[in-house]
Amino acid sequence: MIKLFAAVLKASLNASLAGLVILIIKRILRNKLSPRWHYLIWFILISKLLIPFGPPSPVSFFNTVYSKSYSIDFAQPEFNNNQQPPLISGETPSKSVQLPGDNQDNIDENVNNAFFKKISTVASYIWIAVFILSFLFVIFINVNFNKKLKINGRPAPLALKKILNDCKERIKFDGHVDVIIQDIIEVPSLVGFLKPKILITPTVLGQKEERISYIFLHELSHLKRKDILVNYLLIFLQLFYWFNPLIWYYFKKIRQDMETAADEGVLVLLENNERKEYGETLISILESFNMPAPSLKLVSMVDERGNIESRIRMISMADVFKNKRVVFFITGILCFVLLGIFLLTGPVSKNEVQVGSLVFDIPGDIKINTDTSGLIIEKNTIFKYFSTTRIISYGGLAFEKEKLPIGGIQIISYEPGQPLFLPNHSEVKSQKEIKGLKTKAVLVNLVLSQPAASWDTSGKNENHLYLIFEEEKLAYDIYADSKYVDEGVLLKIAKSFKPADNAEVIKVIQGFGRRLEDVNKLSPVEILRESIKQSYGEFIAPDLLNEWIKDPTKAPGRYGSSPWPDRIDIIDIVKENESKFTVFGEIVEITSVPGEEWRTLIKATIERIEGKWLIMGIEAQEYKNNAENDKQIILNALENAKFARLAAVDAQKETMLSEEQRNELKNAFLMSKAKIDDEYPGGALVSEFPDYQLQLDDVHIYFINKNQLAVSGETFSVYNTGEEIWKALSKILPVSRIDDKEGITYLFNAQRVEVASSKDELIEGDYTARKNHFVRMLREGKLKGSGVSTEMRPEMIVKFYIDGDAIDIEIYEDGFKYQSKYYYKPGLLEGIKSMLSAG
């Protein structure tokens, strides 16, 4: 009941605001709208009351009204910091928290508060009780009125029926309606929807025939426009929202405009000399106006004395409304449509983001780091003025506040029954299971210690909220520095999650990617066929499965002991229709060397068959032999490719190309005189910063430096070019410069790299071929201080030679020293040892 009452309050508030907007617009367009359109505009308010929560829209008026609150109340248990409970390892955490039930509105955000809950409960029962009693009272009045009408009412004489029939022909109404003479209601009125009746008093019989016809025309105008049905609807809504005086006021205005619109419907049929007589008829009826109280709201010719003046003024403008009917129609229809879009839609969540297969609402004061690698940012513009941004990440998402990293959302692997993965050098201070969410959830408070080499004893406190999906064997880690974001905000983010519209498609492609390692392409044919059936059967369509079993060479899988396929990273998903998606992604192959991986672009078609999403086909990147027409292939791809992504890998930036940007690159390629360089016969590339890569469907282009590019193939075709292409790339995706000696990326300029170590097991020597691996690992370090203790000796020295100068990088267990500054990176020494031991 509380939720229903909260929804009614929210709907009432929305309608009140919508009504104020309508009143303002009506005031502004007072003489630029005909009475008919002044009345019709109110149907937007009626629609808002009937369907309070419209579809979200970036142009909705309510985007400017509501700002979501992200605080949440819950029972905070006490924890013993000396005891660390186990992390999801088959045991139930020692403490738990029950979240409140789903509530989409701010009005009942604090429903867990006992006092607020008590007040809300009482108010909700008062509301429903008054509504029911009022509704029964209206039914009683209606029944009582009909009884009196049967007793006191009598049919109209034939003379009146003849006048009525003439009026029906004049106004072009062919429905049935009776005329009843009675003395219950003093004003000519209309009653009854299924069997409508025009009620007149005996005094009307003494009026002139013309005046009687005006009365009939007015009531027939109401009847023709179904105003009596509208009136019943207004009565119901007025009872439903009985507590809101603004609604009562708006309904009063609606009934006034209803009468004025009926007047307009009559005046268009009258001549100039008749209009004055029509006005005099209104005034004469007003003199006998005596509506009993309480009374049923009827559709009457005269609603109240205060509205007569405006109706008489409208009569004087009848010629204007008649002669400029087209102008008033265009103005009215535009006003109606725009107000409908503006008021009948709901607010959008400007910070709704998709991470993996889930969609989250992120608080407005938390910014999304849009430089996060793999982020897709879609901007939709309406009328070139209103725009909305949709952020999608199929990997992770980083938060920032005041340009400082404060947390994010990351997807991690999870094995049921095993402990959760926690950051290195972290100490668990408290842990609790969160109940009330749609999946298992654990909130962990951690203290992250600084590296020993930094001599910094301070710790960073972080909250990690894990949403665990055992069936998918993964967890969403929503984490943040507690200095900037409290755990209540994390709970709010977690509570907002819902499946994305392409969630099932993501599960299929990622599940398939995890099985690639299980299919060894070097196995005997029969074993390989069985492996394809067992590993891929639940993810691919029967026809494709049979094709691969028949010819196993067409199926993807593992081609050797190293590298091996680890996963499929999704780049983009395109919705073709309700039952078909196209997925662009990369098969990621890894080795035992940290950070070393190979990627193969794929395009998969996924369709829904008998309620289940299945892969219909997969196209892997086609390798091309060196050919002189590579340039033309690139130009064709720029013109026709459905997928175009430009990445500056080492700068951790990427973007999807617009049509305008494609044309800029195409012009640059046309201007460039690319020639194959015989000094580079092919082989693996060691790309240089910023390592631009351009993917155009199955065409993959590497830009080595300002004057060289390579097109992927069985080997690489390397071309010498001018700087035109590089300039176009830099314009589209600007990256930081590498001539700043203070920045670690400056090390990409090194011509030679040597290693000196104090450890006997490490091989000293020239490691220039590993330069990029070194720099990329170092770039992940976090600046922590101006230096380290002089008492500590580095475990390794890496020398980068740039233009004759030697730059020493001192490597410690969990960090390194560069330009007298210390950078923290957990496990750095072990990572370098693994890299060097790989050769």
Side-chain angles (χ1 to χ4, degrees), residues 371-374 395-396 398 405 410 423-425 448 450-454 562-563 566 588-599 647-653 684-691 693 735-736 738 740-759 761-785 788 794-802 806-819 821-839:
D371 289 335
T372 303
S373 180
Q410 58 182 337
N424 293 329
H425 303 283
L448 295 143
Q450 306 294 342
S454 67
S562 182
D566 178 64
V588 181
E589 296 179 283
I590 62 174
T591 68
S592 57
V593 179
E596 191 169 65
E597 59 184 36
W598 282 259
R599 292 174 176 264
V649 178
D650 290 313
Q652 297 183 346
K653 291 184 178 182
L685 284 177
V686 179
S687 59
E688 302 292 337
F689 184 89
D691 192 13
Q693 296 180 31
V735 296
S736 56
I738 60 172
D740 179 11
K741 294 185 179 181
E742 295 297 319
I744 296 172
T745 54
Y746 176 67
L747 300 176
F748 276 110
N749 290 312
Q751 290 88 28
R752 190 169 81 257
V753 180
E754 294 181 356
V755 173
S757 173
S758 60
K759 300 291 185 180
E761 69 268 21
L762 292 181
I763 303 174
E764 298 185 357
D766 189 331
Y767 284 90
T768 304
R770 293 285 180 180
K771 177 186 68 175
N772 280 21
H773 288 288
F774 269 116
V775 179
R776 287 170 181 169
M777 292 176 72
L778 297 177
R779 275 163 44 88
E780 296 174 357
K782 305 296 183 183
L783 181 62
K784 290 296 181 182
V788 295
E795 304 288 341
M796 177 190 302
I797 303 292
V798 183
K799 293 180 177 290
F800 289 80
Y801 293 91
I802 303 176
I807 298 176
D808 290 349
I809 307 296
E810 298 178 1
I811 307 296
Y812 298 87
E813 182 180 353
D814 288 327
F816 64 94
K817 185 178 179 182
Y818 171 64
Q819 301 289 6
K821 296 178 181 178
Y822 188 81
Y823 295 80
Y824 170 59
K825 184 181 186 304
L828 175 62
L829 182 63
E830 289 301 317
I832 292 177
K833 287 168 60 177
S834 298
M835 180 182 69
L836 297 182
S837 63

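The residues of the chain are indexed from 1 along the displayed sequence.
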Mind running side chain to side chain contact (heavy atoms under 4.5 Å, CB included) on F774 and L747 for me, showing each step along the way? CA-CA 9 Å; F774 269 116; L747 300 176; over 6 Å; no
Would a distance-only check, ignoring hydrogens and angles, find a side-chain to backbone donor-acceptor pair under 3.5 Å from Q819 to K741? yes
How long is the straight-line distance from OG1 of T768 back to CZ of R752, given to the nearest 0.5 Å? 7.0 Å
Do F800 and Y818 have side chains that approach each other closer than 4.5 Å (heavy atoms only, starting at C-beta)? no
Which pair of heavy atoms, one from E813 and one from E795, lies closest together, and at what distance? N-CG, 4.2 Å
Which heavy-atom pair separates Y812 from E810 by the least distance, and what is that distance? OH-OE1, 2.9 Å
CD1 of I744 to CD1 of I809: how many Å apart, nearest 0.5 Å? 7.5 Å
Does the pair I807 and Y746 meet the rule for a side chain to side chain contact (heavy atoms under 4.5 Å, CB included), with working shown? CA-CA 10 Å; I807 298 176; Y746 176 67; 3.6 Å; yes
Do any N or O atoms from the side chain of D814 and from the backbone of G827 form a donor-acceptor pair under 3.5 angstrom? yes
Between atom NZ of K833 and atom CD1 of I811, what is the distance when rounded to the nearest 0.5 Å? 13.0 Å
So I832 and F816, side chain to side chain contact (heavy atoms under 4.5 Å, CB included) or not? Walk me through it. CA-CA 12 Å; I832 292 177; F816 64 94; over 6 Å; no
Write down the atom of K799, the atom of D808, and the distance for their closest heavy-atom approach. NZ-OD1, 2.9 Å
Examine distances only and state if a side-chain atom of K771 and a backbone atom of F748 form a donor-acceptor pair shorter than 3.5 Å. yes
For H773 and Y767, what are the C-alpha separation, side-chain angles and deciding distance, and is it a side chain to side chain contact (heavy atoms under 4.5 Å, CB included)? CA-CA 10 Å; H773 288 288; Y767 284 90; over 6 Å; no
Would you mind reporting whether V798 and V775 have side-chain heavy atoms less than 4.5 Å apart? no
